[in-house]
Amino acid sequence: MKKMELDAALNQFLKDEDAEEYFWPDQMAGNRTIFDYSDIVGKEISFTPEENMSADWFWSKAHVQPAPANNQYDIDFRGICNFVFAHVERELFTTLDAIFFVFNEEGLDEVFDYTGDEYALECIDMDEHIGLMWYEKNIIIINVGLIQASSEELADEFSSAASHASDGIVMTIVHELRHLMLETNVLLPEEKYPDYEATEAAVEEYTRQFADRWLLGNIDFVSKV
Ligand SMILES: [Zn+2]
């Protein structure tokens, strides 16, 4: 949302819903934060207008766990974030608080440090899920370790594990950002973003369309060490 549209929608939301605005002293001018009590558990949401977004801004939201010593791949996380930022609609980032790239359980320690919430340590099943959108915190987590492992199973003579991992990380970010936008941005108009868009099947379809359009197997941000 552009700043004017965001302000209008947020002011209306404060009037209509059980919510109040909170003023962070060090918040970027134009950003706004609310506590929304209309949900079962009250939650904080910060909104960033499009004008305040940039590739550097998105990168400033990224937390990357250092790769384990024996990791087989070299990953250009900055390049990945720049690529995603350049190819998706700005709306996907409006409520984003942080994005974490983790290789294993230890990576969740930083999510815990950042949120101060012990649930961070069990919010994602690292053996099962390649990504997660943590609704209460407006955070997305990308399980790089599992994406690498599944990419090795997908590799064949046409496409390497590194190439699959590169596409997999990009697609997981797009997928989780789409969940984030549809589920946490309470200001979005229902007519433009109807509820069915938030179903898993619809989010997968959105991600598939992104991949068909932008990932043609020739952009690699991952290389074998
Ligand atoms: Zn999903």
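We count ligands from 1, going down the list as the structure has it; atoms in each ligand are counted the same way. Scope of the values below: all heavy atoms of this structure, side chains included, with no hydrogens, waters or symmetry mates.
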Report the residue from Phe100, Phe101, Phe83 that forms a ring-ring contact (aromatic ring centres under 6.0 Å, His included) with Phe77.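 Of the listed options, the one satisfying the test is Phe101.
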Does this structure show an ion pair linking Arg178 with Glu89, if we count only N-O contacts that are shorter than 4.0 Å?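 Counted as a salt bridge, because a side-chain N and a carboxylate O are separated by less than 4.0 Å.
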For the Zn ion (ligand 1), which protein N/O/S atoms are closer than 2.8 Å?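 Under 2.8 Å from the Zn ion (ligand 1) - ignoring waters, which are not counted - the protein N, O or S atoms are His175 NE2, His179 NE2, Glu200 OE1, Glu200 OE2.
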Would you say the side chain of Thr184 lies within less than 4.5 Å of the side chain of Lys43, judging by non-hydrogen atoms?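 A side-chain contact under 4.5 Å exists here.
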Applying side-chain hydrogen bond (donor to acceptor under 3.5 Å, both in side chains), can you list everything that pairs with Asp7, at least two apart in sequence or on another chain?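 Testing Asp7 for side-chain hydrogen bond (donor to acceptor under 3.5 Å, both in side chains), a comparison that skips the adjacent residues, returns Lys3, Arg32.
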For Ser151, side-chain hydrogen bond (donor to acceptor under 3.5 Å, both in side chains) partners two or more places apart: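 With neighbours one apart ignored, the set is empty.
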Determine which pairs satisfy ring pair (Phe, Tyr, Trp, His ring centres under 6.0 Å) with at least one residue from residues 5-34, sequence neighbours left out, and list them in order.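 Every ring pair (Phe, Tyr, Trp, His ring centres under 6.0 Å) pair that includes a residue of residues 5-34, provided the two are not neighbours, is Tyr22-Trp24, Tyr22-Phe35.
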